[in-house]
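None of the values given here were measured: they were computed from a predicted structure.
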Protein chains: 2
Amino acid sequence: MSWQKVLSNNGYRVSGPRRLVMELLAESAQPMTPLEIYQALSQSGRALGMVSVYRALELLAELGLVCVVYNPNGSSGYVAGSAGHHHHILCKRCHRTITFAGSEDLSDLIQRVEAETNFRVSDHLLQLYGICPECQKISADTVEDN
Amino acid sequence: MSWQKVLSNNGYRVSGPRRLVMELLAESAQPMTPLEIYQALSQSGRALGMVSVYRALELLAELGLVCVVYNPNGSSGYVAGSAGHHHHILCKRCHRTITFAGSEDLSDLIQRVEAETNFRVSDHLLQLYGICPECQKISADTVEDN
DNA sequence: AGCCTTATTGATAATCTTTTTCAATAAGGG
DNA sequence: CCCTTATTGAAAAAGATTATCAATAAGGCT
Ligand SMILES: [Zn+2]
Ligand SMILES: [Zn+2]
Ligand SMILES: [Zn+2]
Ligand SMILES: [Zn+2]
């Protein structure tokens, strides 16, 4: 279902600011902070208030249309979200972020931890960090040059 | 190795504020924000500046003596950290947080994602959310009462 | 135990980020 | 095309984090 439909179906309007934020994030390969979103849109002429960026992100996140991802250094940003169970993998060098499908791969771990701790697990946060193909290539080239 | 030793070995002093923050977190069952730490210490007479809380946390986190954990709602807090590969599980109801040992349980998942995405994975962020034993018991009691 | 050096603290101010407020605007149903 | 009302945006308020710098105290040395 399109993000416009998700908004409508939940009684929200498909407004200019929401469209701008949504489309920008969909195009971006990297997570963006509210400020970065504001600046990117301002510079490309399509101005909107900083407040609207915050409000759009809040709503879009609530509806699952965008996701928050955490950088290794602790800062966080937003990426366009896909539906269903999924997680993100971030490049430590260029911050390129892509999504991978969630699976039952954690179920063994979760069972073990439930047995160990007596917690009942219902949810999880998982992100992988590493180096993306492009940055690996750059590293390889640099090494060759030496 | 004790946290005091870690500080010393890295050329830092075992100061009052660092001790207060470290001991408070070690005793706390829940993650705490800088403000919560500041207030808790102030109220128990052992006053220190807000700024010192920030600085202590920054340093302790850098040395791996405390960890940042993310609440399901997006807010974050600090917990006393254990050494080695580990993760945290949080109770969604009372925020009690405990540590569980990391393992190789993600290696299958990581291999799959590396194959799918061509990323080289070096690190990960994992947290589990659920209900702790105490809160399960409360739920059970409540149900019985009905 | 007392002294000295210097890392660390804390009060204040500066900066940055996020939220509130409320009149003006525009989305979308009719 | 009009009307209703959700949404926006400017400005201000509130909240969180960081910089400054004189005063303090940790820990090495004797
Ligand atoms: Zn990269
Ligand atoms: Zn998952
Ligand atoms: Zn609980
Ligand atoms: Zn792990």
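The side chain of A:Arg55 contributes no N or O atom lying less than 4.0 Å from OP1 or OP2 of D:dT7. In this structure, B:Ser52 does not reach the C:dT9 phosphate: none of its side-chain N or O atoms is under 4.0 Å from OP1 or OP2. For D:dT8, the OP1/OP2 oxygens have a side-chain nitrogen or oxygen of A:Ser15 closer than 4.0 Å. Side-chain N/O atoms of A:Arg13 include none lying less than 4.0 angstrom from OP1 or OP2 on C:dA26.
When every heavy atom of B:Ala40 is checked against every heavy atom of B:Met32, the shortest pair comes out as CB-CE, 4.0 Å.
Side chains of A:Arg13 and A:Ser15: a donor-acceptor N/O pair is absent below 3.5 angstrom, by distance only.
Residue A:Tyr38 contributes atom OH, which lies 10 Å from atom C1' of D:dG9 at whole-angstrom precision. D:dA16 atom P lies 14 Å from atom CG of B:Leu57, rounded to whole Å. In this entry the distance linking OH of B:Tyr54 with P of C:dA11 reads 16 Å, nearest Å.
Annotation: of the two residues near DNA chain D, A:Val53 and B:Met50, the 5′-most nearest-nucleotide partner is A:Val53. Residue whose closest nucleotide on DNA chain D sits further toward the 5' end, between B:Ser8 and A:Ala56: A:Ala56. The nearest heavy atom of DNA chain C to B:Leu59 and to B:Val51 marks one nucleotide each, and the one closer to the 5' end goes with B:Leu59.
Side chain of A:Val14, nearest nucleotide from C:dG28, C:dT8, D:dA16: C:dG28.
Annotation: side chain of A:Val21 is not in contact with side chain of A:Val66 (no heavy-atom distance under 4.5 Å).
Within a 6.0 Å sphere centred on CD of A:Glu23, heavy atoms belonging to other residues, nucleotides or ligands number more than 12.
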